Amino acid sequence: MIDYQSILNPVARDMKPSGIRKFFEIAATRKDCISLGVGEPDFITPRAFSQAAIDSILDGKTQYTANAGLMELRKAIAKYLDGFIGVNYDPASEIIITVGASEALDAAFRAVCAPGDEVLIPEPCFVCYAPLVSLTGATPVSVKCHIEDEFKLNVEEIEKAITPRTKAILVAFPNNPTGAVMEKSDLEKLAPVILKNNLVVFSDEIYGELVYNGVKFCSIASLEGMRERTIVISGFSKAFAMTGWRLGYICAPKPIIDVVYKIHQYGIMCAPTAAQYAALAALNASFEDGFAEVAEMREKYDERRRYLVDRLNAMGLTCFEPRGAFYAFPCVKSTGMDGEEFAYALLEAKNVAVVPGGAFGDSGKDFIRISYAYSVEAIKRALDLIEEFLNERKK
Ligand code: PLP
């Protein structure tokens, strides 16, 4: 008999499964469950983008691309980023097309982090950062963000968490799960601390296109002195409704990309070819029509966002205004339950699934994450049921 526990890598073996998935596996077993849990667009990929991938397959473009991805696509990404974040990357040496932002994050951590290093991870945050950092042998150090700061990074707490071992910091705005955004003026307060301590920045910008209410997205890479130490990670999943295509990218100065390239080359070879053609069509069409598809989806998210936040606040689930991504992060403390108790009780009583905030770190434990990447009808129905649930508990 093999003792499997003893043959497995202890770091991988002891990683906790994603708290989002754990909850949804339970929800998936329930009939007619209304879910506001999943973090992916309800829109399907615009038809023209899909057609470009189909055409590429039928034209016989079914082989590997260059390891770094189609040069045409890297050029289009360079053009896009130049316009969107005002940072210029060389398509030949500073951009790699990856299998989603997920691969880009993994490769970035593996290129930079080594045993003994510490990486600051502000939380609540997306679930993959700390486990992926741990796999490199480095230590993820969480730094809490607070609702009083609208879940932006608290620069003083970042400074306090820095030790001689701190190698890097993760910056992820608009944020999953809070919907918080750090605008240029906020990032300008953080940048001097990063420079003073010679930190590398992992900037997860996957929700950069999804900002509302007059917010202008700012990449930390665009601030003075930051491009040379920032690794920009993004992709097509969220803004272009392309989660299933698995297409992302990573941009950084050449010496960093040279190392990411080796990791990507050995581990992945290249991102799926047909998906690269779909992404190329997405960017080319967007250059022509002024990002009309993205704008249309953004408008719909915004409408749902306003409706959701107003109703949550009206029913006593305090929710600060999320100005980015497609999540609201209301506090459920007033109900006498924490996020996990609330989510289970709601699922049990009303068959509505939301994600306990603790899945995103301890500081989220009194919150729940509600995604508004669902139709207005689904959101309305779920909110009616949440309201009923709260009223019944008051009795
Ligand atoms: N970063 C954040 C903050 C996310 O929320 C997600 C997906 O939910 C990802 C990265 C991964 O995106 P992709 O589908 O491009 O791998």
Side-chain angles (χ1 to χ4, degrees), residues 18-21 23-24 35-45 49 69 73 77 80 95-109 119 121-133 140 142 145 151-153 169-182 201-211 217 219-220 231-251 260 264 267-268 271-272 275-276 278-279 282-283 294 301 322-329 355 357 359-361 364 369-374:
S18 155
I20 311 181
R21 292 283 148 210
F23 194 75
F24 278 91
S35 168
L36 294 186
V38 176
E40 68 174 332
D42 59 321
F43 303 112
I44 55 166
T45 305
F49 311 169
L73 177 56
I77 289 169
Y80 165 69
I95 301 177
I96 296 177
I97 315 294
T98 55
V99 179
S102 301
E103 189 224 334
L105 285 162
D106 188 36
F109 295 146
V119 180
I121 311 229
E123 54 134 292
C125 68
F126 182 49
V127 291
C128 81
Y129 308 130
L132 291 182
V133 167
S142 31
C145 298
F151 287 111
K152 294 174 189 182
L153 300 190
I169 179 169
L170 181 108
V171 175
F173 295 96
N175 184 266
N176 172 10
T178 63
V181 181
M182 297 251 303
V201 182
F202 301 110
S203 183
D204 181 345
E205 306 186 359
I206 189 95
Y207 293 103
E209 286 281 358
L210 300 178
V211 288
F217 174 71
S219 166
I220 193 161
I231 304 177
V232 168
I233 289 142
S234 193
F236 292 82
S237 284
K238 313 290 174 167
F240 293 95
M242 291 179 65
T243 47
W245 297 86
R246 309 309 303 125
L247 213 74
Y249 51 88
I250 181 165
C251 309
V260 171
H264 172 78
I268 302 290
Q276 294 191 52
L283 284 180
V294 177
Y301 289 134
R323 295 191 302 157
F326 38 55
Y327 309 103
F329 203 59
V355 185
F360 307 96
R369 188 192 77 174
I370 299 186
S371 163
Y372 50 86
Y374 291 91

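Values below: every heavy atom of this structure, side chains too, minus hydrogens, waters and symmetry copies. Bear in mind the structure is a predicted one, so any value in this text is a computation, not a measurement. Every number for a ligand or one of its atoms is a count from 1 in the order of the listing.
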Closer than 4.0 Å to some heavy atom of [X] - which atoms of ligand 1 meet that?
{"X": "Arg246", "result": "13 (P), 14 (O), 16 (O)"}
{"X": "Gly100", "result": "15 (O), 16 (O)"}
{"X": "Ser237", "result": "13 (P), 14 (O), 15 (O)"}

Heavy-atom contacts under 4.0 Å between [X] and ligand 1: side chain, backbone, both, or neither?
{"X": "Tyr129", "value": "side chain"}
{"X": "Phe236", "value": "neither"}
{"X": "Ser102", "value": "both"}

Minimum-distance protein heavy atom relative to atom 9 (C) of ligand 1:
Phe126 CE2, 3.5 Å
Looking only at protein heavy atoms, identify the closest one to atom 1 (N) of ligand 1 and say how far it is in Å.
Asp204 OD2, 2.6 Å
Could you walk me through whether Phe217 and Glu205 pass the side-chain contact (heavy atoms from CB on, under 4.5 Å) test, one step at a time?
CA-CA 9 Å; Phe217 174 71; Glu205 306 186 359; 3.7 Å; yes
From Phe236 CZ over to Leu283 CG, what is the distance, rounded to the nearest 0.5 angstrom?
4.0 Å
Going by atom types alone, do Tyr249 and Tyr80 pair a side-chain donor with an acceptor below 3.5 Å?
no
Could you tell me whether Lys238 and ligand 1 have an N or O pair separated by under 3.5 Å?
yes
Purely on distance, is any nitrogen or oxygen of Ala101 under 3.5 Å from one on ligand 1?
yes
Would Tyr327 and Phe360 count as a close aromatic pair, with their ring centres under 6.0 Å?
no
Phe43/Tyr301 aromatic ring centres below 6.0 Å
yes
Please list, chain by chain and in numerical order, all residues satisfying side-chain hydrogen bond (donor to acceptor under 3.5 Å, both in side chains) with Thr98, sequence neighbours excluded.
none
Any residue meeting side chain to side chain contact (heavy atoms under 4.5 Å, CB included) with Pro131, in chain and number order, not counting sequence neighbours
Met15
